[in-house]
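Order of the sequence lines sets the chain letters (A, B, ...), proteins ahead of strands, with each chain counted from 1. Computed from heavy atoms alone, side chains included, the values below leave out hydrogens, waters and symmetry copies.
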2 protein chains.
Amino acid sequence: MPQLHRYIPERSTTRAHFEERSAVLKALAHPSRLMIVDELSHGERCVCDLTELVGHDISTVSKHLNVLKKNGIVVDDKRGKQVYYRLKVPCILNFFHCIESVIDENRK
Amino acid sequence: MPQLHRYIPERSTTRAHFEERSAVLKALAHPSRLMIVDELSHGERCVCDLTELVGHDISTVSKHLNVLKKNGIVVDDKRGKQVYYRLKVPCILNFFHCIESVIDENRK
DNA sequence: CTCTTTATTGGCAATTTAACCAACTGATTT
DNA sequence: AAATCAGTTGGTTAAATTGCCAATAAAGAG
């Protein structure tokens, strides 16, 4: 008698699953997008605020925001002429501590 | 009397700093490299073990390992004919929980 | 309604990334 | 010493990324 349910792993470790994870990391892995996430950790901001912060063309910033949005890191909210973005999953911020420690180690 | 020391920020938020951080994230943001990091969380492994795991050419895996090494995520150790890699900064593993929660949110 | 402001989208050029194969290095085996 | 095994490095090609400009859309102001 086959026991099919025994073969379902608790945690997926398939290639597809690692691709999903890396997509999220890739969305964060750009200096401008990190600046944006850092800024959004202080509250929601409109695209024009973020454009000034990042110092690139507004179309470039809009595309960066779309990358973050597609990967579930931010959500947007149009109010009037402006579009406001905010963090969707705050735990993203925990990354920074670890990344700092990696960088500190690299300096040694 | 100028108070120069007052202008030194506690935490750097310059573009250069965000570039450093994104370099670390970028090193992690690839499915094969995530597979490697996940495997190394169980202990050190030689390149040939990781090559079998990843399922790509050994030269490709070697280059992935070099990316992780250059960014301070793993360290290597040659013993005999084999080169063993292990995680340098274990906190990297904390990322996974958060990434999972992002992915879970994305499914909703 | 027209003009302006805010943001998104399409398209293009330059750069980067990632895979493979081939060549090479270094250590072990025979 | 010669052959073999484990890994790294160089070179090439295909694909993805990122920036800007131009065109478009949507909302508000005059």
Contact state string [nucleotides 25-30 of chain C, B base, S sugar-phosphate only, - no protein heavy atom under 4.0 Å]: --BS--

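- For A:L25 and C:dT17, the CG to C1' distance is 17 Å, given to the nearest whole Å.
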Step by step, work out the side-chain contact (heavy atoms from CB on, under 4.5 Å) result for B:D76 and B:L65. CA-CA 9 Å; B:D76 63 339; B:L65 286 165; over 6 Å; no

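- For B:E52, there are no side-chain hydrogen bond (donor to acceptor under 3.5 Å, both in side chains) partners, not counting sequence neighbours.
- With hydrogens and angles ignored, the 3.5 Å screen pairs a side-chain donor or acceptor of B:N71 with a backbone N or O of B:V67.
- One can place CG of A:L68 at 16 Å from C1' of C:dA7, the figure rounded to the nearest angstrom.
- Take A:D104 and apply the side-chain hydrogen bond (donor to acceptor under 3.5 Å, both in side chains) test, not counting sequence neighbours, and it matches no residue.
- Not a single donor-acceptor pair under 3.5 Å links the side chain of B:R21 to the backbone N or O of A:I103.
- Contacts between residues 50-66 of chain B and DNA chain D, counted as heavy-atom distances below 4.0 Å, involve B:I58, B:S59, B:S62, B:K63.
- Of all nucleotides in DNA chain D having an atom under 4.0 Å from a heavy atom of chain B, the first and last in 5' to 3' order are D:dC5 to D:dG11.
- For the pair A:R15 and A:F18, the cation-pi test (distance below 6.0 Å, angle within 45°) is failed.
- One can place NE2 of B:H30 at 11 Å from P of C:dT17, the figure rounded to the nearest angstrom.
- B:S22 and A:L34 get closest at one heavy-atom pair: N-CD1, 3.5 Å.
- Listed by first then second residue, pairs satisfying ring-ring contact (aromatic ring centres under 6.0 Å, His included) with a partner in residues 45-65 of chain A read A:H30-A:H64, not counting sequence neighbours.
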